[in-house]
Amino acid sequence: MLAQAATRFGMGLSTQAMSAMGNSLRHFASEGCDLKEAVRELIPAQQERLKAIKKNFGNKSLGEVTVEQAIGGMRGIPGMLWETSLLDPEEGIRFRGLSIPELQAKLPGAHPGGEPIPEGLLWLLLTGKVPTAEQAKAVTEELRARSHMPPHVLRTLNALPEDAHPMAQLSVGVMALQSGSHFRAAYTNGTHKSKYWETVYEDSMDLIARLPQLAAMIYRRTYKGGEQIAPHPTLDWAANLAHMMGFEDPGCLEMMRMYQTIHADHEGGNVSAHTCHLVGSALADPYLSYAAGMNGLAGPLHGLANQEVLHWLKDLTAKLGPNPDKEQVRKYVQDTLASGRVVPGYGHAVLRKTDPRYSCQRDFAQRYMPDYSLFKLVSHLYEVVPEVLGKTGKIKNPWPNVDAHSGVLLQYYGIKEENFYTVLFGVSRALGVLSQNVWSRALGLPIERPKSLTMEAIEKRFGPEPGWGEDAD
Ligand SMILES: CC(C)(COP(=O)(O)OP(=O)(O)OC[C@H]1O[C@@H](n2cnc3c(N)ncnc32)[C@H](O)[C@@H]1OP(=O)(O)O)[C@@H](O)C(=O)NCCC(=O)NCCS
């Protein structure tokens, strides 16, 4: 977009010079390529739609809430609006109505027939429309124009010990960026609530633009002696992330585009998305909301499971060698369960089938690394683990999730440091949670405040007296 604009206006600027001019050039966008304008045009109709839903269906019941649900992590309680994606237990995730194979078929790639670029997904998440190749490219250029990293961020990271967990570094790095929040400044200056979404959009795009560099900084300072690699002047957003980490293999760049696309969103109830939504609902700015979500993603039952899978696989191969037979794997899984730990990468709170994000990564591995030993091991586990988990009788979904496969792809391309993996997940997750954040403010969604209960309150409501059942045999 910027390149076209510059050519059209005979400016003859280098890419770096255009980047430096940043947003000031965006008004030269060829028609239909300005993402913020595309969002702006959609808002009045969506606000009317929500008003009509409230008026017509506001008093309809979405179901009953049982005590078990209230004390069981609110599983299955519909309690929030989330526009960017919807998860079906059997079918998996749909981003604005599109399944992962549909995304792969419809979204523009960096090459014909290649993996979609996440910039196209960002357009889709924010507008609900599949972008043209030109629109996706305009997002790449908008993000490039916004990607300047203030020098204090690296200084802030460097104040942390080198062995600080990469997810803690991500959170600190995002917080270091928060001083540039447009939303915070606008709110302090008394901006009208109808305009909140505009500065939330600005912050979200600035943050998304800078996350690849922030992630690469963390990677290079933690694992590569601190020498940083400058952003590539022409690469797309995800490929540039791989480049700044120090990886150039074209297969690795394609893998990063795919990885960053499929991890972006998984409806609203998961810990990272819900946290971001909750914190944003208090009108905390996008930096604060996203960092809060990332602190949740860093939990081993959520995003950190991708790191845990690699630890678990390494332990397995250390104990059983690289080619264990089915009986040995079965025993290893049983031992994991008997030790009171979870089998990482398996199970899901909503899904009841193999995660299509797992299948997508498996397809990628079949195309790019069919003979890779770790891929073969993970495929082997697929034949054994669900059966063992299923036999426990209590695990509702014995099938693999996204985290069971992502490490294989990263290891193959030389990204060996598994403690970094959740950062890559987190960079992608920004696309979904921040897109929703823009829409949450555009739709004027209120502060989130569900009701909590004490045990006594439950006993009073359903039992004969408080403490009832305590001494029951
Ligand atoms: C994702 C996860 C947290 C969902 O939890 P959930 O909704 O409570 O799942 P379930 O209803 O099936 O859990 C029922 C029981 O099975 C256990 N369980 C579920 N998945 C399990 C697994 N992979 N390994 C061992 N036990 C598991 C639960 O811990 C729970 O045990 P409890 O009753 O003793 O507390 C869970 O499957 C898990 O811990 N998986 C491993 C971590 C992981 O891969 N996380 C990434 C998810 S994308």
Side-chain angles (χ1 to χ4, degrees), residues 66-79 85 87-93 100 167 259 262-275 293-316 329-362 378 381-410 418-419 421-426 428-429 432-433:
T66 63
V67 171
E68 193 179 2
Q69 285 176 300
I71 60 183
M74 298 193 279
R75 211 62 95 254
I77 301 175
S85 67
L87 182 58
D88 180 88
E90 305 293 321
E91 197 188 51
I93 191 67
I100 286 176
M167 284 304 283
Y259 185 108
I262 66 170
H263 285 79
D265 208 24
H266 217 224
E267 75 170 29
N270 65 78
V271 170
S272 53
H274 188 188
T275 306
M294 289 304 98
N295 292 342
L297 193 76
L301 296 187
H302 188 24
L304 204 81
N306 57 11
Q307 160 187 321
E308 296 299 301
V309 166
L310 253 290
H311 288 169
W312 190 77
L313 289 176
K314 281 184 176 174
D315 183 62
L316 183 152
V329 172
R330 195 169 286 125
K331 171 88 173 49
Y332 183 78
V333 175
Q334 283 163 346
D335 288 349
T336 303
L337 294 176
S339 68
R341 292 173 295 148
V342 295
V343 177
Y346 281 78
H348 200 272
V350 179
L351 280 170
R352 293 295 173 257
K353 288 265 170 72
T354 296
D355 189 339
R357 299 171 299 174
Y358 175 96
S359 309
C360 168
Q361 295 179 99
R362 183 174 159 75
V378 164
L381 292 174
Y382 190 36
E383 292 166 23
V384 181
V385 179
E387 175 208 319
V388 181
L389 298 185
K391 277 189 182 151
T392 64
K394 69 168 186 178
I395 298 172
K396 295 193 188 68
N397 172 27
W399 300 104
N401 59 55
V402 64
D403 299 315
H405 214 301
S406 51
V408 173
L409 310 183
L410 298 170
E418 64 264 19
N419 285 11
Y421 290 177
T422 313
V423 173
L424 294 175
F425 189 160
S428 172
R429 190 45 60 101
V433 299

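When a residue number appears, it is its place in the shown sequence, counting from 1. Note that the structure is a prediction, hence the values are computed from the model and not measured. All ligand and atom numbering here is 1-based and tracks the order in the structure.
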Near A305 (heavy-atom distance under 4.0 Å), the atoms of ligand 1 are 43 (C), 44 (O), 45 (N), 46 (C)
Would you say ligand 1 has an N or O under 3.5 Å from any N or O of K394? yes
Donor-acceptor side-chain pairing of D403 and Y421 below 3.5 angstrom: no
Any protein heavy atom at under 4.0 Å, with atom 47 (C) of ligand 1 as the reference point? yes
Return yes when V402 approaches ligand 1 closer than 4.0 angstrom through a heavy atom, no otherwise. no
Are V402 and N306 side-chain neighbours, meaning at least one heavy-atom pair lies under 4.5 Å? no
I'd like to check atom 19 (C) of ligand 1 in this structure: does the protein have a heavy atom lying under 4.0 Å from it? yes
Can you list the atoms of ligand 1 that are under 4.0 Å from a heavy atom of G345? 43 (C), 44 (O)
Answer with side chain, backbone, both or neither: which part of T392 has a heavy atom less than 4.0 angstrom from an atom of ligand 1? neither
Residue H302 vicinity, atoms of ligand 1 by number, heavy atom under 4.0 Å: 46 (C)
Side chain or backbone, does R341 bring an N or O within less than 3.5 Å of an N or O on ligand 1? no
Polar-atom distance check: V343 versus ligand 1, any N or O pair below 3.5 Å? yes
Would you name the heavy atoms of P398 and G390 that are closest together and state the gap between them? CB-N, 3.9 Å
Give the atoms of ligand 1, by number and element, whose distance to some non-hydrogen atom of R75 is under 4.0 Å. 6 (P), 7 (O), 8 (O)
Which atoms of ligand 1 sit under 4.0 Å from any heavy atom of I395? 12 (O), 16 (O), 17 (C), 18 (N), 19 (C), 20 (N), 21 (C), 25 (C), 26 (N), 27 (C)
Measure centre to centre between the rings of H348 and H266, then say whether the value is under 6.0 Å. yes
Distance-minimising heavy-atom pair for H263 and S428: C-OG, 3.0 Å
Nearest heavy-atom contact between Y259 and S406 is CE1-CB, 3.5 Å
Students should be able to answer this: which protein heavy-atom is nearest to atom 4 (C) of ligand 1, and at what distance? A349 N, 3.7 Å
For ligand 1, which atoms, with element, lie under 4.0 Å from some heavy atom of H348? 1 (C), 4 (C), 37 (O), 48 (S)
For residues G296 and V271, report the shortest heavy-atom separation together with the two atoms involved. CA-CG1, 3.7 Å
So Y346 and V333, side chain to side chain contact (heavy atoms under 4.5 Å, CB included) or not? Walk me through it. CA-CA 11 Å; Y346 281 78; V333 175; over 6 Å; no
Heavy-atom closest contact (A305 atom, P344 atom, distance): O-CB, 4.2 Å
If the cut-off is 4.0 Å to any non-hydrogen atom of K396, which atoms of ligand 1 fall inside it? 11 (O), 12 (O)
Minimum-distance pair of heavy atoms, taken over all atoms of I93 and D265: CG1-O, 3.7 Å
Which is closest to atom 23 (N) of ligand 1 by heavy-atom distance: W399, F425, Y346, Y358? Y346
Go through ligand 1 atom by atom and flag the ones less than 4.0 Å from a non-hydrogen atom of D403. 46 (C), 48 (S)
Which bit of V309 is near ligand 1, meaning a heavy atom under 4.0 Å away: side chain, backbone, both or neither? neither
Can you say whether the rings of Y332 and W312 are parallel (under 30°), tilted (30 to 60°) or perpendicular (over 60°)? tilted
Can you confirm whether more than 12 heavy atoms, excluding those of K314, are under 6.0 Å from its NZ atom? yes
Measuring to protein heavy atoms, does anything land under 4.0 Å from atom 35 (O) of ligand 1? no
Quick test: of every protein heavy atom, which one is nearest to atom 29 (O) of ligand 1, and how far off is it to 0.1 Å? V342 CG1, 4.3 Å
Within 6.0 Å of CD in E90, more than 12 heavy atoms from elsewhere: yes
Option with minimal heavy-atom separation from atom 39 (O) of ligand 1, where the choices are L301, V385, N270: L301
